[in-house]
Amino acid sequence: MAAAFVFLYLNLFYLPDIPIYLFVDQMTQLYDARRMLDGLVIYKDFFQVTPPGTQVIYLLLFKIFGVRTWIPSVMLIVLGLSIMWLMVVIGRKVVPGKLPFLAAALFLIVPFRSQFDATHHWYSTVAVMAGLAVLMEARTPWRLAGAGALFGLSSCFTQMRGAPAALGVAVFLVWEAHRNRQPFRQLLISQMELWGAFAAVLVGFNAYFAWQAGLHNFLYNTVLFGLRYYPSEAWNTYRVYMIDVPRFHPWYRLPALAIFISIHLLIPLIYILFFARYWTTARQNLTAPWDRLMLLSITGLFLFLGMASAPSWLRICAVSPPGVILFVWFWQSPGRFHHLRIQGIWILVLLLALGECAEREIRWHQDIKLPIGRLAMLNPALLESLQYFQQRTNPGDYFFGDEMFKYLLDLRDPAVVSYVTGTAYTRQSQVESVIHGLETHRVKYALWATDLDLPPSRFGGKNNLAPLRDYLHRHYHFVKAFGDGATVWERNTGPSEAEHPSEPVNN
C-alpha cells in the first residue's frame, strides 16, 4: 500500500507538490460543487443528470479547504488506495497467500491508472466493493442490510452501479438458497433485508435534494432525462465500445494500447469462463470457495450489464475490480509453470509501474498559476487556451463554454446548463436559458466548439442550437480560433451593440 501511494503520487503530482491537470469528467462534478458553494441549488438552478453524491463530497472539501487544484488529485489517491484495500479484503477470501496483493496491484497499474478521473464512477465503485467485502464471509441479516446500504450509497453517485450490484447479489441469494435447500421464507427475508436497506439509504440521501429542488425537477434530471435523451450522445450508447483508443505514440506508449485491449477482453469474458469452469469442475473440486467466487462473479457480471448500453473505457474500468480478482484466481490455478506464471505477472506489474512513472517524468509539462492554485499542464494547446482566457478575465466573471475554464479560472456560468451539444441531449428550453443568461449578464466571452455546427447523427435527434448560434452572430464577433477548432466570441461593445461581421478577423 505504501508503494501504491508512491506510485499514485508520482503520477498525479510533480515533485514536490504541483498537481497534474487531467482533462476528464471530474470537471463536471467539481464545477457543480463550486456552484453549490455559491448557494445555487443542484437540479433547480443548474442541470445535472447524475445523483448528487460526488458533488456533496467536493462541496464538503471546498468548505473545509477552499477550492484548490490539488483536491481531485488527492481524492484519486484516496479512491485508488480504498479500492485496492477492499480488493485485498475480498481477495483473501478466494485466493491464497500474497495473491490478493497481486490482484490489487494489477488493478491499480492497469485499469485505474489508465483512467485517472475523480468522477462519480470511482466513488460508486468504492461503495460496491465495500458491500461485496461485507458479504464475502457470510450472508447474515446484518451483513445483508449493511451491503444493501452500501449499494444504495453507490447509487447516490451513479444510478446504474449500485442497483445492478444489488440485483446481482439478489440473484446470488437465489442460487445459494437453491444450493443449500433453504426454505422460500428465509430467501424472502434475505431479499427484504438487502433491498430494504438499499431503498432506505437511496431515498434518505436524496430526499433533501429532492425537497430543495422540487421532486419534479429532481426526477426529471436524474431519471426522465436519462431515459429520454441520454442516448442522443454517441458516448452514451453501445457505439462508444472500443472507440476511445488511448494515445500510443511515441513507442513507449504502446503498453497503453495493450492495456486497452486486455481490459476489453477481460470484461466480461472472465465471467463466462468462470461459469464454464464451475459447471465442469465444481463437483470434482470441493475445496474451492465456490460460494464466494459465485458471489463475486454474478455481481461482477451484473455490474457489467448495468453499463453495457454505454460501455465506454472509463465505465469498463470502473466495473473491473471483481473481474481482476477472478483473473488472478484463474492465473494461480495448479498446473504447469504455476510459479513462473505468478512471477511473470508480478514482473509485468513492476515494469508497467516504472514505465508509467518514467513516462510522466519525461513528458512535456509546464506549470501555471491559477486563481485556485498551481497546476502542471501536459498539453501545450490546452495551456495556450487557458492562458488566453486568464489574461482576459477575472475571478467571478461570467463565461460560457468549457467547464475547465470556469472551474480553473473561478468563473461563473450564466446558464442552467454548463455546456451544450449539437444533439437532442441539449433541449430547446436549455438553449433558451443560455441565451437568457448571456443577455442578462452581458457575458463578454463565449467559447464555441466546432462539433456544435455538425449535423447530428441519425440517432442524435434534432440540433436545437440554431437560436443560440444566431444570437452569437448578432451580438458577438469572432476573435480567435484555437488549435482544436474551438472559436472564441467576444460581445460587441457600444450603446447599441452594433453588429460585427461574423467572419474571422485577425487577433
Open item on the list: Show, in sequence, the C-alpha distance, side-chain angles and deciding distance for Leu386 and Ile368, and conclude whether the side-chain contact (heavy atoms from CB on, under 4.5 Å) test is met.
Closed with: CA-CA 9 Å; Leu386 190 59; Ile368 181 173; 4.0 Å; yes
Which atom pair, heavy atoms only, marks the closest approach of [X] to [Y]?
X: Trp195; Y: Ala163; result: CH2-O, 4.2 Å
X: Gly396; Y: Arg412; result: O-NE, 2.8 Å
X: Ala415; Y: Phe400; result: CB-CE1, 4.4 Å
X: Gly162; Y: Ser155; result: CA-OG, 3.3 Å
X: Ile71; Y: Gly66; result: CD1-O, 3.4 Å
X: Leu202; Y: Gly152; result: CD1-O, 4.0 Å

Residue pair [X] / [Y], side-chain donor-acceptor N/O under 3.5 Å:
X: Thr158; Y: His120; value: yes
X: Ser124; Y: Trp122; value: no
X: Asp32; Y: Gln55; value: yes
X: Gln159; Y: Thr222; value: no
X: Glu233; Y: Thr423; value: yes
X: Asn464; Y: Gln428; value: no
X: Tyr58; Y: Gln26; value: no

Within this structure, what is the [atom1]-[atom2] distance for the pair [X] and [Y], rounded to the nearest 0.5 Å?
X: Tyr419; Y: Thr421; atom1: OH; atom2: OG1; value: 7.5 Å
X: Ile435; Y: Leu465; atom1: CD1; atom2: CG; value: 9.5 Å
X: Phe46; Y: Tyr31; atom1: CZ; atom2: OH; value: 9.5 Å
X: Ser312; Y: Tyr241; atom1: OG; atom2: OH; value: 12.0 Å
X: Ile42; Y: Asn217; atom1: CD1; atom2: CG; value: 11.5 Å
X: Phe107; Y: Leu86; atom1: CZ; atom2: CG; value: 10.0 Å

Task: Verdict with supporting geometry, Leu76 and Leu8, side-chain contact (heavy atoms from CB on, under 4.5 Å) - done: CA-CA 8 Å; Leu76 275 170; Leu8 289 170; over 6 Å; no
Task: Test: Arg374 and Asp17 ion pair at under 4.0 Å - done: no
TODO: Considering only NZ, NE, NH1 and NH2 on the basic side and carboxylate oxygens on the acidic side, decide whether Glu432 and Arg427 come within less than 4.0 Å.
DONE: no
What I'd like to find out is whether the side chain of [X] reaches to under 4.5 Å of the side chain of [Y], using heavy atoms alone.
X: Asp25; Y: Glu403; result: no
X: Asp117; Y: Leu314; result: yes
X: Ser418; Y: Lys406; result: yes
X: Pro19; Y: Leu12; result: no
X: Tyr271; Y: Pro322; result: yes
X: Leu79; Y: Val126; result: yes
X: Thr426; Y: Tyr229; result: no
X: Gln366; Y: Met377; result: no

Task: Ring-ring centroid check Tyr123 Phe157, cutoff 6.0 Å - done: yes
- [ ] Verify whether the ring centers belonging to Phe47 and Tyr43 lie closer than 6.0 Å.
- [x] no
[Y] backbone acceptor or donor facing [X] side chain under 3.5 Å:
X: Arg491; Y: Arg442; answer: no
X: Asp397; Y: Leu411; answer: no
X: Gln390; Y: Lys369; answer: yes
X: His477; Y: Glu490; answer: yes
X: Asp484; Y: Ala486; answer: yes

For the residue pair [X] and [Y], categorise the inter-ring angle as parallel (less than 30°), tilted (30 to 60°) or perpendicular (more than 60°).
X: Tyr220; Y: His216; answer: parallel
X: Trp313; Y: His264; answer: parallel
X: Phe399; Y: Phe405; answer: perpendicular

Residues which pass salt bridge (Lys or Arg N to Asp or Glu O under 4.0 Å) with [X], listed by chain and number, not counting sequence neighbours:
X: Asp410; result: Arg34
X: Asp451; result: none
X: Arg239; result: none

TODO: Show your reasoning for whether side-chain contact (heavy atoms from CB on, under 4.5 Å) applies to Glu356 and Arg113.
DONE: CA-CA 9 Å; Glu356 292 290 350; Arg113 167 60 185 84; 3.1 Å; yes
- [ ] Just grab all the side-chain hydrogen bond (donor to acceptor under 3.5 Å, both in side chains) pairs involving residues 60-84, residues at least two apart or on different chains.
- [x]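 Of all non-adjacent pairs touching residues 60-84, none passes side-chain hydrogen bond (donor to acceptor under 3.5 Å, both in side chains).
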Task: Pair listing, side-chain hydrogen bond (donor to acceptor under 3.5 Å, both in side chains) test, anchored in residues 201-211, at least two apart - done: Tyr208-Gln212
Task: Pair Arg469-Asp453, salt bridge (Lys or Arg N to Asp or Glu O under 4.0 Å): steps then yes or no - done: CA-CA 9 Å; Arg469 188 183 297 106; Asp453 294 320; 2.9 Å; yes
- [ ] Quick one: which residue pairs count as a ring-ring contact (aromatic ring centres under 6.0 Å, His included) with a foot in residues 420-453, not counting sequence neighbours?
- [x] Phe225-Tyr425, Tyr398-His441
- [ ] Apply side-chain contact (heavy atoms from CB on, under 4.5 Å) to the pair Asp45 and Met36, showing each step before the final yes or no.
- [x] CA-CA 9 Å; Asp45 297 325; Met36 294 168 71; over 6 Å; no
- [ ] Would you please test Trp489 and His475 for ring pair (Phe, Tyr, Trp, His ring centres under 6.0 Å) and show each step?
- [x] CA-CA 9 Å; Trp489 295 76; His475 299 278; over 10 Å; no
